[in-house]
Asker: 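Just passing along the structure, written as structure tokens.
Letters A, B, ... mirror the listed sequences (proteins, then strands); counts begin at 1.
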Amino acid sequence: MTKFSDLNLSDKVLKAVAETGYDTPTPIQVGAIVPALEGRDVLGIAQTGTGKTAAFTLPMITLLGRGRARARMPRSLVLAPTRELAAQVAANFDAYAKYTKLSKALLIGGTSFKDQDKLIDKGVDVLIATPGRLLDHLERGKLILTDVKVMVVDEADRMLDMGFIPDIEEIFKRTPFTRQTLFFSATMAPEIERITNTFLSNPAKIEVARAATTNTNIKQGVVMFKGSSKPKEPAEKRDLLRQLIVAEGDACTNAIIFCNRKSDVDIVSKSLNKHGFNAAPIHGDLDQSHRTRTLEQFRDNELKILVASDVAARGLDIPAVTHVFNFDVPSHAEDYVHRIGRTGRAGRKGTAIMICTSRDEKNFADVESLVNEQIPRLDSPMGKAAPAAAAAATDDAPKTERPKRTRTRRKPAADDKPAADTAQQAAAQQQQEQPKDEAPREAKPRRERAPRQQTPREDTPREAAPQQQRNDNQRDNNQRDNNRGRGGRGNNNNNRHNDNKVVGLGDDTPAFIALSFADRAKV
DNA sequence: AAAAAAC
């Protein structure tokens with residue numbers, strides 16, 4: 001088997017890698033490092049958690065090993081979509097470059113220009129940035145990209161989602177075309193394809209299987225939920241969430257809870273705290289220092305529950321997150337994969353539980369169709385005792401979430417069926433909808449990923465034996481529920497920790513990533 | 001319908 005030491009990386013890099021305790025590169029690392037060291041462009045199609053970050057930082061550090069940066073002319077550039085991701089890349093860089101003299105600067109918004117300017121003036125070997133802040137620096141004329149030898153674009157598909165592609169193009173245009181480009185994306189949407197055709201030259205193409213959904217380390221489940229009434233639903237949903245957390249018992253040592261809206265992130269976080277959970281929110285409206293601090297506490301295990309918007313869905317690497325709860329079904333199915341990918345990292349076990357309301361059913365169907373598997377239905381821990389639970393939920397409700405408007409649009413009676421029925425309807429409906437996957441519904445992107453969904457499970461038509469599957473799931477659920485009584489998760493629970501052999505140099509899994517930002521901030 | 005990112 002290929003080792004890092006077989007890869008022509010510099011001794012200094014190898015030494016730093018060895019100290020992280022890893023010796024075997026992941027497929028994306030092997031695939032990217034070899035051509036990158038030969039000076040070739042690289043197009044990596046891979047999710048986070050596959051070891052992407054090391055796949056570009058290791059060869060970069062090796063390539064930059066000789067030579068020195070001139071003032072205001074960085075020798076390399078890494079672009080990441082969010083500030084947290086950029087900070088994470090910077091932390092990786094620090095760890096792997098510790099035996100080199102390479103300098104770096106992290107250019108992200110929400111922080112002062114002054115320190116960044118100072119570093120740039122001194123000259124940096126590696127610039128790690130979010131596009132907005134980088135362009136800002138460029139427009140102020142303090143930064144010149146004409147000496148960039150290596151440029152990395154990370155999470156390009158997310159950049160696309162966030163409307164950064166014009167910015168990326170602009171930045172590309174300011175770098176010399178002789179540069180080497182390492183480009184990473186989870187998908188190849190047409191727009192991404194266009195960019196790579198324009199700015200990469202004869203790239204080595206590396207594609208690795210989707211990380212999260214095929215990741216059997218992650219145990220998934222969904223609870224179908226309907227409130228006893230429209231106005232009560234939000235509080236009851238939070239109650240359900242609490243019960244789901246409690247039901248996981250000691251197996252849940254820490255968790256990320258994803259909500260679709262920033263407002264709900266705040267509400268859920270407050271509510272959890274009110275009920276004695278150790279939770280804190282993170283989303284884009286909170287100022288950067290707050291975000292950084294919260295993330296740091298979560299990494300340091302001072303914070304048990306991180307309530308997050310999708311700012312934390314992709315790429316963020318916190319080792320050993322045991323649970324992901326989706327308070328809402330993500331409206332982009334793709335995000336589901338990213339969210340649950342925050343757990344079960346680097347060979348560890350993980351659990352991902354989602355709450356699906358009737359309004360989410362369409363999105364849920366999209367999720368199942370994307371991951372191409374049926375997510376096991378879990379019985380609600382509130383069960384038939386819903387009224388009692390609802391009553392208990394009344395002491396909830398932090399002030400901020402009192403419904404402001406009293407628009408009580410009564411829904412048709414059909415909606416008042418018990419949740420179980422709704423769940424079955426959802427399942428049935430979703431099965432009906434399956435075949436339409438072939439329908440020529442507008443020639444828009446989104447589907448671009450279909451051809452390269454190279455998972456080994458073939459195109460088994462799911463409607464082939466739906467009833468059978470449903471029964472199986474039902475049985476599984478019951479079993480699972482029984483096990484819950486003793487606070488366990490079944491037999492494999494015993495091995496839970498023994499089994500957790502950590503494998504592969506996943507994105508940032510090495511121990512240093514668990515260090516606080518303060519600790520890493522040296523240099 | 002919402003999230004992210006520049007001031």
Asker: Do A:Phe325 and A:His323 have ring centroids that are under 6.0 Å from one another?
Answerer: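 They qualify: ring centres under 6.0 Å apart.
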
Asker: Measure CD1/A:Ile282 against C1'/B:dA4 and give the value in whole Å, please.
Answerer: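 Atom CD1 in A:Ile282 sits about 12 Å away from atom C1' in B:dA4.
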
Asker: Please report the distance, rounded to the nearest Å, between CG in A:Leu135 and P in B:dA6.
Answerer: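 So the two atoms are 10 Å apart, to the nearest Å.
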
Asker: Are the charged groups of A:Asp121 and A:Lys118 less than 4.0 angstrom apart, N to O?
Answerer: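 The answer is no: the pair does not qualify as a salt bridge.
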
Asker: Of all the nucleotides listed (B:dA4, B:dA1, B:dA6), which has the minimum atom distance to the side chain of A:Arg83?
Answerer: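 For A:Arg83, the side-chain atoms sit closest to B:dA6.
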
Asker: Any base atoms under 4.0 Å from A:Gly163, or only sugar-phosphate, or nothing? Heavy atoms, all strands.
Answerer: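 Nothing: the residue A:Gly163, judged by heavy atoms under 4.0 Å, touches no strand.
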
Asker: Going by number, which of residues 166-175 of chain A have a non-hydrogen atom under 4.0 Å from DNA chain B?
Answerer: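 Hits under 4.0 Å, by residue number: none.
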
Asker: Within the 4.0 Å heavy-atom criterion, would you say A:Phe113 contacts the bases, only the backbone, or no part of the nucleic acid?
Answerer: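 Sugar-phosphate, backbone atoms only, no base.
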
Asker: In whole angstroms, how far is the P atom of B:dA2 from the CG atom of A:Asp266?
Answerer: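 These atoms are roughly 15 Å apart.
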
Asker: Assign A:Thr130 to base, sugar-phosphate, or nothing according to its heavy-atom contacts below 4.0 angstrom with the strands shown.
Answerer: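 Answer is sugar-phosphate: A:Thr130 comes under 4.0 Å of backbone atoms only.
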
Asker: Atom CD of A:Glu334 to atom P of B:dA4: distance rounded to whole Å?
Answerer: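 Distance check: A:Glu334 CD to B:dA4 P gives 18 Å.
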
Asker: For the side chain of A:His332, counting heavy atoms from C-beta on, which of B:dA1, B:dA5, B:dA4 is nearest?
Answerer: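 Nearest nucleotide to the side chain: B:dA1.
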
Asker: Check every atom of B:dA6, B:dA4, B:dA2 against the side chain of A:His283 and return the nucleotide holding the closest atom.
Answerer: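 Selected nucleotide (nearest to the side chain): B:dA4.
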
Asker: Using a heavy-atom cut-off of 4.0 Å across all strands, would you classify A:Arg140 as base, sugar-phosphate, or nothing?
Answerer: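 Contact class for A:Arg140: none.
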
Asker: NA contact type, A:Asp136, heavy-atom cut-off 4.0 Å: base, sugar-phosphate, or nothing?
Answerer: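 Since a base atom lies under 4.0 Å of A:Asp136, the category is base.
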
Asker: How close or far is atom P of B:dA4 from atom CG of A:Leu134, stated in whole angstroms?
Answerer: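 Rounded to the whole Å, the gap is 21 Å.
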
Asker: From CG of A:Asp154 over to C1' of B:dA5, roughly how many Å is that when rounded to an integer?
Answerer: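 The distance from CG of A:Asp154 to C1' of B:dA5 comes to 16 Å, rounded to the nearest Å.
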
Asker: Please confirm whether A:Phe258 and A:Phe327 have ring centers closer than 6.0 angstrom.
Answerer: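 Ring centres of A:Phe327 and A:Phe258 not closer than 6.0 Å.
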
